[in-house]
Amino acid sequence: MPAPLDPPEGNWWDEPVNRRETIWLGIAGLWSVGIFGWMSGFTQFGDQNPIGETYDVEPDAYRERVQEYKDAAEETERGLVPPEDSVYVGAMRYNWDALPVVLEAGREYDVHLGAYDVQHGFSIRPEETLSKQINLQVFPGNEWVIPMTFDEPGTYHVICNEFCGQGHRSMHGTLVVEEA
Amino acid sequence: MSELPPTTSLRRWLVTTNHKDVGIMYTITALFFLIFGGVMALLIRLQLWEPGAQILSGLAYNEAVTAHGLVMVFWFLSPLGFGLANYFVPLQIGADDLAFPRLNAVSYWLYVLSGVMFAISFFQGGTLSAGWTMYAPLNVPMYTPSIGSTGAILALAMFVASTTASTVNFLTSIHHSRAEGMGLMDMPMFTWSMLATVWMMLFAFAALLSVAVILLSDRVFGSLYFSATEGGSLLWGHLFWFFGHPEVYIVFFPALGVMLELFQTFSGRRLVGRKWAIIAICLISVQSFLVWMHHMFLTTINLEIKTLMMATTIGISLPFDLLVFALIYTLIKGRIQFTTPFLFALGALLLFILGGITGVFLGAIVLDYEFRGTYWVVAHFHYVMFGGATALFGGIYYWFPKVTGKMYDEFLGKVHFVVFFIGFNAVYFSMFLGWETPRRVFEYDPAFQTFHQIGTIGAFVLGGSFFIMFYNLAKSYLYGEEAGANPWDYTRTAEWAIPSPPPLENWDGRPSYASGKLEFVQDAVADGGHADGHGESHLDEYPYWDKHPSHASIWPFAFSVATLIFMIGLSGVRDSVSLSLGETLATTALSMSNPVYPVFAAVGPILMVWTAVRWGTEDFYAPPTAIAERWPFHGIEKVKLGMWFFLASDVIVFGAFISAAVFIRVNAGWMNWGPITEPLPGLINTFVLLTSSFTVILALVFARRENAKGLLASLGATILLSFTFLGIKAWEWHHEVYDKGVTLTQNPHGDPIQASIYYVTTGLHGFHVVIGVLIAGYLFVRAARGYYREDQRPLEYFGLYWHFVDIVWIFLFPLFYLF
């Protein structure tokens with residue numbers, strides 16, 4: 001081992017790459033490409049993503065649309081029953097407008113998401129396992145239309161998962177999914 | 001120039017510009033902010049002891065989370081790395097000091113006073129409560145109205161100003177002052193990773209500066225950027241994360257550098273694949289700017305772009321894999337000494353591997369739907385960032401003998417590591433176990449309570465472990481054994497070749513690697529010439545060549561205090577002053593409810609200009625390194641190189657402003673907007689500015705010919721032309737406001753945000769012109785007193801700045817006046 005001030009032996013700044021190193025680099029590279037291909041493929045073809053489409057909309061105009069939807073929907077004790085396949089949700093400080101809503105299990109709905117004021121987080125969690133979740137960011141000025149199907153009947157909680165102010169912790173709504 | 005007082009004097013620490021003193025102050029201040037942010041963290045953990053506990057109110061909890069994030073990322077992690085870098089980068093490259101010692105001192109003072117500003121914000125009606133990402137539009141005053149929220153963002157802007165200064169300083173030092181024979185590839189690994197860090201910082205922090213300035217214009221002047229429904233909310237996300245992702249590596253790379261250094265020293269083995277490790281570091285620096293939208297996978301961005309960002313994100317894990325393999329292989333091939341610093345470096349590697357692998361999951365869009373907003377993310381980034389910082393504590397132990405000359409207590413050091421490592425994993429691994437907890441609320445499923453209670457206990461253990469370190473270092477500093485110049489067996493970097501602690505001037509003789517190993521050469525420079533001609537003619541022209549280097553100046557401190565006064569004033573000015581635009585300029589009224597903030601806001605800039613002028617006229621001499629490796633900037637003088645780096649960051653600042661304007665306009669529909677200004681005044685102003693660029697060049701030519709009248713006339717013409725520009729601008733704004741009714745928030749002819757963009761973007765340019773006028777005025781007075789005949793560099797470098805300001809206008813003119 002050389003002392004601190006001695007130069008290292010030989011042409012140390014330009015040593016050829018060791019063969020084992022090259023092999024490991026190759027394996028790591030292949031592994032990464034494999035993982036990446038799988039991830040990318042799963043995103044494109046795995047049919048796992050609620051992708052949907054986005055539209056520009058003024059927050060006030062969106063609020064009116066939600067109001068029209070609420071007027072058309074049937075009011076029950078458990079919540080609104082949507083008139084057609086479209087379900088509107090309006091995020092506002094500190095409330096989910098048009099929730100609770102009553103949905104049928106197995107039926108595909110177009111869920112419309114939009115915010116009236118600041119950014120909110122639309123996080124759905126089934127009641128039994130408060131764990132499994134899906135989480136979407138809801139922006140003012142955008143209307144995001146996402147096709148969603150609920151397989152299991154039950155109650156799903158919607159909480160806000162982006163900081164939105166003083167009452168953020170109490171911003172809560174429910175989706176009631178019933179057997180068709 | 002004043003003499004540097006001894007270390008026992010308080011004045012020493014206020015005036016010092018020496019890189020070693022500043023490094024010590026940086027490190028100690030960063031550790032103070034570790035405690036500050038740590039207290040916030042403990043409050044959060046107490047709140048999570050049981051679901052929905054109410055130790056803090058909902059708003060106070062949000063404030064604690066926000067402050068914890070901001071303090072730890074900005075005021076602790078980066079500055080701790082920079083403390084070590086301040087001390088050891090100049091030593092490792094064989095330089096006498098950083099390139100601009102006073103600029104380094106001002107970096108430190110702006111940093112510590114920005115922290116003070118942040119602390120003050122708690123008492124200004126509550127600090128910011130929008131999370132450390134400060135997502136729009138929650139960050140505008142309509143939703144976060146407290147003065148403290150503005151104060152916190154002003155503190156952040158002040159911090160960014162400090163980092164921009166140190167970025168320019170480090171880039172110039174490393175590219176300008178490396179010892180003879182030390183090529184870029186020969187640099188020690190810690191210096192290498194700092195070089196990559198500052199290159200990333202140059203561009204990333206410029207983006208943060210512009211996004212902070214835009215937000216401040218929303219908060220202080222009331223412009224409409226981030227409340228605009230034409231994409232204002234997404235604009236924040238893009239600009240913030242364009243900074244935010246490189247920032248992850250900016251805080252990690254100093255720690256990586258320490259890790260690389262310590263693995264070599266304590267395995268007694270050269271880093272395996274050294275060249276490839278350096279290539280990987282460079283690749284990561286570039287790639288870090290291409291992945292930011294993976295923080296926005298659940299926004300309304302379309303899937304094609306998200307998939308592209310997923311590809312680049314996975315791509316960035318490749319060079320990291322290489323670095324990890326290089327580190328592991330170095331250990332396999334070496335003989336390991338399990339000292340305290342090595343334990344911390346090894347711990348950092350283990351924690352980082354766990355943090356990195358859990359991050360790969362988050363890089364997949366599909367999994368983000370499930371993971372985002374949960375404690376998985378919280379655990380992941382703590383393992384990466386705090387796990388990385390673990391190596392920095394190793395760095396503190398490693399270099400403690402060099403800084404103090406005393407050896408730390410090895411037993412206490414190992415106890416610290418064990419307690420730290422157990423506490424760390426208790427708090428953060430329990431987050432992985434209870435990962436399904438939602439991240440931004442303090443209510444959670446009682447099933448996870450055990451995990452959170454383990455986490456809370458772990459947090460106190462982790463926090464307590466640092467007091468072992470503080471005790472150890474304090475005790476060792478007072479009573480420790482003498483360490484000698486080099487207590488380690490296999491060090492290879494230059495700082496170990498000089499006494500501990502190093503003398504003020506660092507070297508006895510000039511360090512040189514020209515022969516392939518470190519030697520100290522005695523050059524004869526007493527007669528004003530120097531040993532060999534490197535073709536650096538400007539050094540011969542320098543008139544004060546044989547002066548003694550200066551180490552003390554009070555003006556960095558004074559300037560920073562002035563900045564703090566200005567920032568405090570700005571934070572509350574909107575709440576205490578109201579401006580009503582009447583029908584005409586004559587009826588415009590300004591009413592004031594509380595004079596404190598406006599007085600601060602008025603006094604601050606005056607003091608800033610005064611201290612800056614005193615700074616400029618002070619007789620302070622930082623000698624340029626005569627013989628040095630400078631690739632790839634050979635032949636560029638030191639200050640000019642610094643100027644170019646600064647302008648590069650300013651390009652990004654304006655780039656972000658112009659991108660914001662284009663982004664909002666595209667969202668509003670590009671063709672829906674026409675210019676709200678008349679082209680003719682803008683065209684005249686274009687010619688006025690271009691002419692003023694020409695007169696600056698004339699000034700330089702006259703100065704070279706030693707023609708005093710010509711010099712004064714052309715500088716005077718530049719100032720007059722700038723005033724003409726500002727006059728036309730004032731007329732134009734007056735015309736917009738009183739004839740057309742277009743104000744910062746109102747636009748009778750279209751979207752109000754268009755008016756905001758016009759005023760803010762041209763306003764930023766106008767601000768640059770005002771700064772230019774101030775500098776030109778300073779140069780004019782100095783020129784009248786007979787300066788710049790021999791040394792015309794200030795004129796030339798002012799010219800660089802001025803041409804840049806003009807070029808920016810060439811971009812703004814079509815954007816706001818023609819299309």
Side-chain angles (χ1 to χ4, degrees), chain A residues 1-2 4-8 12-15 17-18 21 24-25 28-29 32 35-36 39-40 42-44 46 48-51 54 56-59 93 115 117-119 121 123 125 129-137 139-142 144 159-170, chain B residues 58-59 62 129-131 135-138 143-144 185-186 229-234 268 270 272-276 298-300 303 307 310-311 314 317-318 321-322 325 329 360 363-366 369-370 372-374 436 438-445 486 490-492 496-497 516-518 667:
Chain A
M1 246 350 114
L5 300 185
D6 292 338
W12 62 276
W13 58 88
D14 199 22
E15 267 182 23
V17 181
N18 187 299
E21 213 171 313
W24 275 111
L25 271 177
S32 310
I35 292 180
F36 170 68
M39 272 167 68
S40 189
F42 203 60
T43 308
Q44 295 290 343
Q48 290 285 311
N49 276 331
I51 296 158
T54 318
D56 283 336
V57 61
E58 285 295 313
R93 308 206 310 165
D117 37 44
V118 302
Q119 191 191 148
S123 171
R125 288 159 180 262
T129 56
L130 271 175
S131 57
K132 283 185 184 160
Q133 67 138 10
I134 191 158
N135 187 9
L136 304 163
Q137 283 170 273
F139 289 95
N142 278 348
W144 196 356
I159 61 165
C160 176
N161 208 352
E162 296 292 340
F163 286 120
C164 64
Q166 182 141 29
H168 164 61
R169 63 176 285 258
S170 60
Chain B
L59 197 62
N62 295 355
S129 60
Y135 279 142
L138 185 62
Y143 302 111
T144 42
M185 293 303 273
D186 307 329
T229 51
E230 292 89 352
S233 196
L234 269 179
R270 180 183 72 90
V272 172
R274 190 179 190 276
K275 187 167 78 181
W276 289 95
L298 299 185
T299 63
T300 46
L303 184 66
T307 309
M310 183 168 80
I314 301 308
S317 63
L318 294 176
D321 296 341
L322 192 149
F325 283 127
Y329 209 3
V360 176
I365 301 170
V366 193
Y369 284 89
E370 183 85 7
R372 188 175 185 281
T374 67
E436 290 138 316
R439 172 183 165 187
R440 293 184 187 86
V441 288
F442 48 88
E443 264 151 304
Y444 56 87
D445 189 343
N486 182 15
Y490 300 114
T491 53
R492 289 195 177 173
W496 301 106
K517 66 176 200 171
L518 178 59
N667 268 275

Asker: Side chain to side chain contact (heavy atoms under 4.5 Å, CB included) between B:V272 and A:N18: does it pass, once the steps are laid out?
Answerer: CA-CA 9 Å; B:V272 172; A:N18 187 299; over 6 Å; no

Asker: Can you give me the closest heavy-atom contact between B:L322 and A:L25, atom names plus distance?
Answerer: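 Nearest heavy atoms, B:L322 then A:L25: CD1-CD2, 3.5 Å.
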
Asker: So how far is it from B:L59 CG to A:Q166 CD, rounded to the nearest 0.5 Å?
Answerer: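 Result: 4.5 Å between the selected atoms.
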
Asker: Flag the one option from A:H168, A:R169, A:E21 with the top tally of heavy-atom pairs under 4.5 Å to chain B.
Answerer: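 The residue among A:H168, A:R169, A:E21 with the greatest pair count is A:R169.
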
Asker: Considering only heavy atoms from C-beta outward, does the side chain of A:P140 approach that of B:P137 to under 4.5 Å?
Answerer: yes

Asker: Looking at A:I51, A:D117, A:V57, which has the largest count of heavy-atom pairs under 4.5 Å with chain B?
Answerer: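 Counting heavy-atom pairs under 4.5 Å, the top option is A:D117.
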
Asker: Where does B:L298 contact chain A at under 4.5 Å (heavy atoms): side chain, backbone, both or neither?
Answerer: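 Its backbone and side chain both get close to chain A.
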
Asker: Quick one: which of B:S129, B:A311, B:G231 has the most heavy-atom pairs under 4.5 Å with chain A, could you say?
Answerer: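 Highest number of pairs under 4.5 Å: B:A311.
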
Asker: I'd like to check A:Q119 versus B:L138 (side-chain heavy atoms, cut-off strictly below 4.5 Å). Are they in contact?
Answerer: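 No, side chains not in contact.
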
Asker: Which one, B:T229, B:L318, B:T144, leads in non-hydrogen pairs under 4.5 Å with chain A?
Answerer: B:T229

Asker: Would you say that B:Y369 contacts A:L136 through its side chain, given a criterion of any heavy-atom pair below 4.5 Å between the two side chains?
Answerer: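 SC-SC contact between B:Y369 and A:L136 confirmed.
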
Asker: Select one option (side chain, backbone, both, neither) describing which atoms of B:A130 are under 4.5 Å from chain A's heavy atoms.
Answerer: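 Backbone only.
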
Asker: Counting heavy-atom pairs closer than 4.5 Å to chain B, which one of A:C164, A:G121, A:A28, A:G167 comes out on top?
Answerer: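 Looking at each of A:C164, A:G121, A:A28, A:G167 in turn, A:C164 comes out on top.
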
Asker: Please flag which part of A:N161 lies under 4.5 Å from any non-hydrogen atom of chain B: side chain, backbone, both or neither.
Answerer: both

Asker: Is B:Y143 close to chain A through its backbone or its side chain, or both, or neither, when contacts mean heavy atoms under 4.5 Å?
Answerer: both

Asker: Quick check for you: to the nearest 0.5 Å, what is the distance between B:T299 atom OG1 and A:F139 atom CZ?
Answerer: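 It is 5.0 Å, given to the nearest 0.5 Å.
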
Asker: I'd like to know which of B:N667, B:L234, B:V360 tops the heavy-atom pair count under 4.5 Å against chain A.
Answerer: B:L234

Asker: Identify which part of A:N142 has an atom lying under 4.5 Å from any heavy atom of chain B, answering side chain, backbone, both or neither.
Answerer: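 A:N142 touches chain B through side-chain heavy atoms alone.
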
